Amino acid sequence: MNKDLAFTRLSVIVKNSLICIFTMLCLSACSDVELEVESEQISEEITVPEVPEVPNNDDEVENRPTDTDLEAYVGADIGYFENKVFDNDPEILFAEDVFSADTNDSARLKGALNRAKNEDDGGVVILRPSTSGNNRFSLAHIPVPSNVRIEIDPNVVLEMRGIKEDTNPTGNPSNKPNRQFLFSFGRSNGPNNLLDDRVVNVQVTSTDPTANFTVDAKTNMPISYGEMVGGNGGGQVNLTRAIPFGLFYVENFSISNVTIEDNHTESVSVQMFADADYKDGAYAYRFGSKAVFLEDRYVQNDDGSNTPMNPENIPLKMNDQDEFIDQTGKVIPDMFAIVRNPTYGRTPIKGSIKNIKAFNAHTGYGVVQVYGGDWIEIDNIEAFNGIGVRVEAGNGTDNDNFNRSGPYYSSMNKIKISNVKVTNGFTGVWLKPHSKIMKDISVENIEAIDSGTALLVGKGSFACGTTCRDLTRGRINNLKISGDIILRQTVFDEPVAEVGNVITYLLSDWNREHLANKVGKTVTTISRNDLEHNLSGERWYLIFPTAPILALSQLSENEIGDESSKVGFYAVDYSQANIIKDGLALGASENERPDILYRGDMKLPNGNSAADFIHK
């Protein structure tokens, strides 16, 4: 069997009244990130592995309590990263004796990696300071080939070139990745030129397993405020983007022992992402008054127009109630009926992300994010500002193709997260499924200091509610929370937790009293406009800690909510976690702060109901 098929999970509709759920094709926007791709003509020719149809039992499907997938992961056990590169004679690159504004080490490193990849057992390239004492390398985008390991002396600093590319470009002066990326793994050279094969067996680490090397994503990445386009929210935000490690169509990878000096740049330091063609996530014709869902992709005309529809495309069958049906008239839930774009399933598999630290992380992004991928272990992550670890595909907006690609493409399965720490940030770990069915996620040990919360578990929410039928609600099946989940407060005079909009619906009574006193209002007249913003921009706020866990996937401790794919609530068991509140300030009427806050606890800052947001 083709190896990729073992890691594939598709959802398709088969004839004769059978719903077929396939093993997921492995492949990960940022919550609010949409990676830039070169402006090239998009080709219609996409090669996708064939997957045998494996129908479920009809009675089993009909007896499910919801119209969604409630099963645990059933794919192959492939484990995490395994070293497969052995080199007795590594190539050593020394930093230039003199580091200047004109230094550019990109070509030297690319050449060494190309030599290393051709060695019989793979090759190792080591980066060391110069004998004169210079420890800095200046690097534009480095696409890392298969079968190589990059080892970096802990005294070395890798400086991302950023705005240096504006005046002294590496290669094509319009190549934005040279400004934004440091290392990429399995990233295609444009959406019409997708890689045929995964990049495999790659690693970037320190020469000393007890000490980190440094990535400078600050010197050439100045804060640049501009109007946000896309994503949730708006206003002036920092639009500078820096991506030290981007993992795409890659298998068997490891990133470890690195400290990242960030500048609130609008991206995640280590991100796992789908290497897609960036076309519609759902096969649909969306240019009329009503979307028409298809059995195949629509095709633009040669002149660039979108009408008429390609005659080869056939709309999915519907009954008089506008429900999708099979040939016998049996209703098929939207989640399983709508055909999705399989290139969004080209996500990373079998990886390890360990010993990563980032300073000045962007509030809405942070250190590590899985936008899609399977079998990934993430351990010992520390964030100053931002988010420690985020597991979320796309940004959840109504036109987000990563979520329009359905429950299985760009989903996340077998993700093991442990030992995460965040200071003055949003949250230690954020799990948010949007439209994805995520399976077998574990989280163990989080410490959040003067941050919004330690753990945030969200549900899928879309502005269009149930009117965008391609954006069905996802869930997390078999989510395990264990170990110490700690929220500490050590700062009481001014708020230092940098957070996003969602958490401002859960301000503590003490926070509300502090804010009202500061702005000269009462607690019933304050609003979100009274909150201070932080360096990430106008859609990011400063608050005091809320509660150790925000369980926003259910209405309350005793009420889950509607678990269907049209609403998307789901339950999580927190009983195996040791929840610790350390020093959380109490409001005038409080004797104790809660361990867990639920979606039903959400209120506007003035205490009024946030019903619209609760049921978004």
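Just so we're clear, the structure is a prediction, and the values are computed from it rather than from any experiment.
The shortest side-chain heavy-atom distance between Tyr574 and Asp595 does not fall under the 4.5 Å cut-off. Using a 4.5 Å heavy-atom cutoff, the side chains of Asn403 and Lys436 are in contact.
Sorted by first and then second residue, the disulfide (SG to SG under 2.5 Å) pairs involving residues 565-601 (not counting sequence neighbours) form an empty list. Judged as a disulfide (SG to SG under 2.5 Å), not a single pair has a partner in residues 489-592 (not counting sequence neighbours). Residue pairs meeting the disulfide (SG to SG under 2.5 Å) criterion with at least one member in residues 374-478, sequence neighbours excluded, are Cys464-Cys468.
Ion pairing between Arg469 and Asp322 fails under the 4.0 Å rule for side-chain N and carboxylate O. A salt bridge between Lys566 and Asp67 is absent, with no side-chain N of the basic residue lying under 4.0 Å from a carboxylate O of the acidic one. Between Lys518 and Asp530 there is no salt bridge, since no side-chain nitrogen of the basic residue lies less than 4.0 Å from a carboxylate oxygen of the acidic one. Arg593 has no carboxylate O lying under 4.0 Å from a charged side-chain N of Asp509, or vice versa, which leaves the two without a salt bridge.
In this model, no donor atom of one side chain and acceptor atom of the other lie less than 3.5 Å apart for Asp484 and Asn445. With hydrogens and angles left out, the side-chain atoms of Asn413 and Asp374 include a donor and acceptor closer than 3.5 Å. The closest side-chain donor-acceptor pair between Asn341 and Ser405, if any, does not fall under 3.5 angstrom. In the model, Thr265 has no side-chain atom that pairs as donor or acceptor with a side-chain atom of Ser267 under 3.5 Å. Using modelled atom types and a 3.5 Å distance limit, the side chains of Asp379 and Ser418 yield a donor-acceptor pair. Residues Thr490 and Asp450 have side chains that bring a donor and an acceptor to within less than 3.5 angstrom of each other.
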Derivation of the side-chain contact (heavy atoms from CB on, under 4.5 Å) call for Gln576 and Lys480: CA-CA 8 Å; Gln576 301 306 305; Lys480 296 181 178 179; over 6 Å; no

Evaluate Asp440 against Asn478 for side-chain hydrogen bond (donor to acceptor under 3.5 Å, both in side chains), listing each step before the verdict. CA-CA 5 Å; Asp440 292 12; Asn478 193 28; 2.9 Å; yes

Derivation of the side-chain contact (heavy atoms from CB on, under 4.5 Å) call for Ser224 and Thr240: CA-CA 6 Å; Ser224 176; Thr240 299; 3.6 Å; yes

Starting from the C-alpha separation in whole Å, work towards a yes-or-no answer on side-chain contact (heavy atoms from CB on, under 4.5 Å) for Asp262 and Ser269. CA-CA 8 Å; Asp262 206 335; Ser269 296; 3.9 Å; yes

Trace of the side-chain contact (heavy atoms from CB on, under 4.5 Å) decision for Tyr598 with Leu555: CA-CA 6 Å; Tyr598 296 89; Leu555 287 171; over 6 Å; no

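In summary, of the residues considered (Val457, Ile614, Leu456, Leu597), a side chain to side chain contact (heavy atoms under 4.5 Å, CB included) with Leu552 occurs for Leu456 alone. Shown are Thr219, Asn220, Thr214; of these, the side-chain hydrogen bond (donor to acceptor under 3.5 Å, both in side chains) with Glu159 is made only by Asn220. A side chain to side chain contact (heavy atoms under 4.5 Å, CB included) with Val368 holds for exactly one of Ile381, Ile417, Ile387; it is Ile381.
A distance-only check finds no donor-acceptor pair linking the side chain of Ser352 to the backbone of Glu377 [under 3.5 Å]. Counting only distance, with no hydrogens or angles, the side chain of Ser442 and the backbone of Lys416 share no donor-acceptor pair below 3.5 Å.
Atom-to-atom distance recorded for Glu447:CD and Glu382:CD is 8.5 Å, nearest 0.5 angstrom.
What you find for Ala585 and Gln489 is that their closest heavy atoms are N-OE1, 3.2 Å. For Val429 against Val420, the heavy-atom pair with the smallest separation is CG2-CG2, 4.0 Å.
Ring to ring, Phe273 and Phe402 are close: their centroids are under 6.0 angstrom apart.
In terms of the side-chain contact (heavy atoms from CB on, under 4.5 Å) criterion, residue partners of Lys218 (sequence neighbours excluded) are, by chain and number, Asp216, Asn263, Asn360. Not counting sequence neighbours, the partners of Asp582 by the salt bridge (charged side-chain N to carboxylate O under 4.0 Å, His left out) test are Arg488. Here Ala448 pairs with Val422, Ser451, Ala454, Leu487 under the side-chain contact (heavy atoms from CB on, under 4.5 Å) rule; sequence neighbours left out.
Taking the six-membered ring where tryptophan is involved, the planes of Tyr365 and His362 are perpendicular, since the angle between them exceeds 60° and thus also 30°.
Around atom CG of Asn608, more than 12 heavy atoms belonging to other residues, nucleotides or ligands sit under 6.0 Å away.
At least one test fails for Arg599 against the ring of Tyr505: distance under 6.0 Å to the centre or angle within 45° of the axis.
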